[in-house]
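Worksheet: one structure, shown below.
Hydrogens, waters and symmetry mates are skipped; everything else that's a heavy atom, side chains included, is used. This structure is a prediction, so every number in the text was calculated from the model and none was measured.
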Amino acid sequence: MERFALWFIFLAGSLAQEDLVGNVFLFPKPSVTTYAILKPEVEKPLKNLTVCLRSYTTLTRFHSLLSLATSNPLQDNAFLLFSKPPNQCSIYINQEENVFKVDPTAVEWKHTCVSWDSVSGVVELWIDGKLYPRTVSKKASSIGFPSSIILGQEQDSFGGGFNIDQSFVGEISDVHMWDYVLTPDHIQKVLFANMDFNGNIISWRSLQYELRGQATTQPKRQCKTLEHHYGLFAKCYK
């Protein structure tokens, strides 16, 4: 797909639509003014979802990766992916916290996927292709809309209420969201960056976003050793 960018005027900033493959959002310093706003392709209640992204950080304190708040109903933690180093990760579904015990990770790129199914309430957390023990949360509910989706900050109100001590510092890339639960095979495709499998609510291949504060777009430069059933290989970037 040919790289393209469309620019629109959006409130106080510029809303971009762009193919960001091979790029990252860089959040250089702790701040309450540095973050990325993501605009979904479709606004609707979500009875199922999967969110996947890659992150790279040296933070040893708690920090937010992706925060989704809704205004109808008003919920600041309608969906929240929140890291608690060294060995916990919290997933909020409609204000309910679900704490996963996870393996400590080295300072390298980490791939995280979270899925939730409303009918069963089952929440899945996958890190670097490993599924952690599942839990159940907010069965038979839905995540409302309109939504405010933010990378790098945790919302305590719709679109704001940030805390510098929960801000993300580092790099985030390959953000995707689907309105259904991915199968294990799908998770593997996303992990190994299958270009033909992209989110239908949010896609890194055609992302509508706005950067605030010191957040910038930069080329991805690290390599990551990944394990496939054929063996180990290195996924390298610019």
Side-chain angles (χ1 to χ4, degrees), residues 37-55 64-84 87-103 110-151 154-159 172 174-194 196-208:
I37 301 170
L38 307 187
K39 292 296 176 181
E41 306 241 352
V42 179
E43 282 273 21
K44 65 178 183 178
L46 295 174
K47 293 186 177 296
N48 307 282
L49 88 161
T50 303
V51 172
C52 294
L53 57 79
R54 300 185 200 274
S55 59
S64 175
L65 291 169
L66 185 146
S67 171
L68 188 157
T70 61
S71 61
N72 185 25
L74 183 59
Q75 296 192 117
D76 60 339
N77 293 328
F79 177 84
L80 174 64
L81 173 53
F82 194 79
S83 181
K84 295 181 172 182
N87 63 349
Q88 288 188 339
C89 182
S90 285
I91 310 298
Y92 285 77
I93 304 291
N94 288 330
Q95 307 300 112
E96 183 171 85
E97 183 180 22
N98 304 275
V99 180
F100 290 80
K101 185 175 181 180
V102 299
D103 299 331
K110 178 173 68 175
H111 185 259
T112 304
C113 286
V114 177
S115 68
W116 172 68
D117 171 65
S118 174
V119 173
S120 64
V122 170
V123 182
E124 295 182 353
L125 172 64
W126 299 76
I127 296 180
D128 290 334
K130 175 180 178 177
L131 175 63
Y132 286 88
R134 294 172 289 180
T135 189
V136 171
S137 182
K138 292 296 182 178
K139 184 177 179 179
S141 68
S142 63
I143 294 174
F145 78 103
S147 62
S148 169
I149 305 174
I150 288 179
L151 300 177
E154 193 268 313
Q155 301 174 80
D156 283 333
S157 61
F158 187 81
I172 292 178
D174 299 333
V175 183
H176 292 273
M177 181 185 291
W178 294 261
D179 61 358
Y180 56 92
V181 174
L182 298 193
T183 67
D185 285 344
H186 289 158
I187 295 289
Q188 291 299 308
K189 286 183 178 181
V190 180
L191 173 64
F192 292 100
N194 186 314
D196 296 324
F197 196 75
N198 303 293
N200 65 339
I201 299 296
I202 291 173
S203 171
W204 199 248
R205 299 296 308 275
S206 58
L207 189 69
Q208 295 186 60

Partners meeting side chain to side chain donor-acceptor pair (under 3.5 Å) with [X] (sequence neighbours left out):
{"X": "H186", "value": "T183"}
{"X": "S118", "value": "none"}
{"X": "N48", "value": "none"}
{"X": "S67", "value": "Q155"}

Could you check if a side-chain atom of [X] sits within less than 4.5 angstrom of a side-chain atom of [Y], using non-hydrogen atoms only?
{"X": "K138", "Y": "I143", "value": "no"}
{"X": "E41", "Y": "I202", "value": "no"}
{"X": "I150", "Y": "S148", "value": "yes"}
{"X": "T50", "Y": "M177", "value": "no"}
{"X": "L65", "Y": "L151", "value": "no"}
{"X": "F197", "Y": "W178", "value": "yes"}
{"X": "I91", "Y": "L80", "value": "no"}
{"X": "L66", "Y": "V175", "value": "yes"}

Worksheet item: Can you list the steps and then say if D128 with K110 is a side chain to side chain contact (heavy atoms under 4.5 Å, CB included)?
Response: CA-CA 6 Å; D128 290 334; K110 178 173 68 175; 4.2 Å; yes

Who passes side chain to side chain contact (heavy atoms under 4.5 Å, CB included) against [X], sequence neighbours left out?
{"X": "D179", "result": "K44, L46, N200, I201"}
{"X": "P184", "result": "W126"}
{"X": "D103", "result": "K130, Y132"}
{"X": "V99", "result": "Q88, S90, E97"}

Discussion item. Taking the six-membered ring for Trp, are W116 and Y180 closer than 6.0 Å centroid to centroid?
Written reply: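 Here the rings of Y180 and W116 have centres that are no less than 6.0 Å from each other.
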
[X] side chain vs [Y] backbone, donor-acceptor pair below 3.5 Å:
{"X": "S203", "Y": "N198", "result": "no"}
{"X": "R205", "Y": "G199", "result": "no"}
{"X": "S120", "Y": "V122", "result": "yes"}

Nearest 0.5 Å, what's the [atom1]-[atom2] distance between [X] and [Y]?
{"X": "R134", "Y": "S115", "atom1": "CZ", "atom2": "OG", "value": "9.0 Å"}
{"X": "I187", "Y": "F192", "atom1": "CD1", "atom2": "CZ", "value": "12.0 Å"}
{"X": "L38", "Y": "S147", "atom1": "CG", "atom2": "OG", "value": "9.5 Å"}
{"X": "K39", "Y": "I149", "atom1": "NZ", "atom2": "CD1", "value": "8.5 Å"}
{"X": "R54", "Y": "H176", "atom1": "CZ", "atom2": "NE2", "value": "8.5 Å"}

Practice prompt. Please report the shortest heavy-atom distance between D156 and E154, naming the atom on each side.
Written response: OD1-OE1, 3.0 Å

Fill in: Closest non-hydrogen atom pair, P146 against E43
CA-OE1, 3.7 Å

Item to complete: Quick one: list whatever passes ring-ring contact (aromatic ring centres under 6.0 Å, His included) with Y92, sequence neighbours left out.
Response: none

Worksheet item: Are E124 and V114 close enough, and set up right, to give a side chain to side chain contact (heavy atoms under 4.5 Å, CB included), and what steps lead you there?
Response: CA-CA 6 Å; E124 295 182 353; V114 177; over 6 Å; no

Discussion item. Show, in sequence, the C-alpha distance, side-chain angles and deciding distance for L125 and C89, and conclude whether the side chain to side chain contact (heavy atoms under 4.5 Å, CB included) test is met.
Written reply: CA-CA 9 Å; L125 172 64; C89 182; 4.1 Å; yes

Side chains of residues 69-78: which donor-acceptor partners sit under 3.5 Å, not counting sequence neighbours?
unit_1: T70; atom_1: OG1; unit_2: P73; atom_2: O; d: 2.6
unit_1: Q75; atom_1: NE2; unit_2: N94; atom_2: OD1; d: 2.9
unit_1: D76; atom_1: OD1; unit_2: Q95; atom_2: NE2; d: 2.8

Worksheet, complete the sentence: Which of L53, D174, V190, I127 passes side-chain contact (heavy atoms from CB on, under 4.5 Å) with H111? It is V190

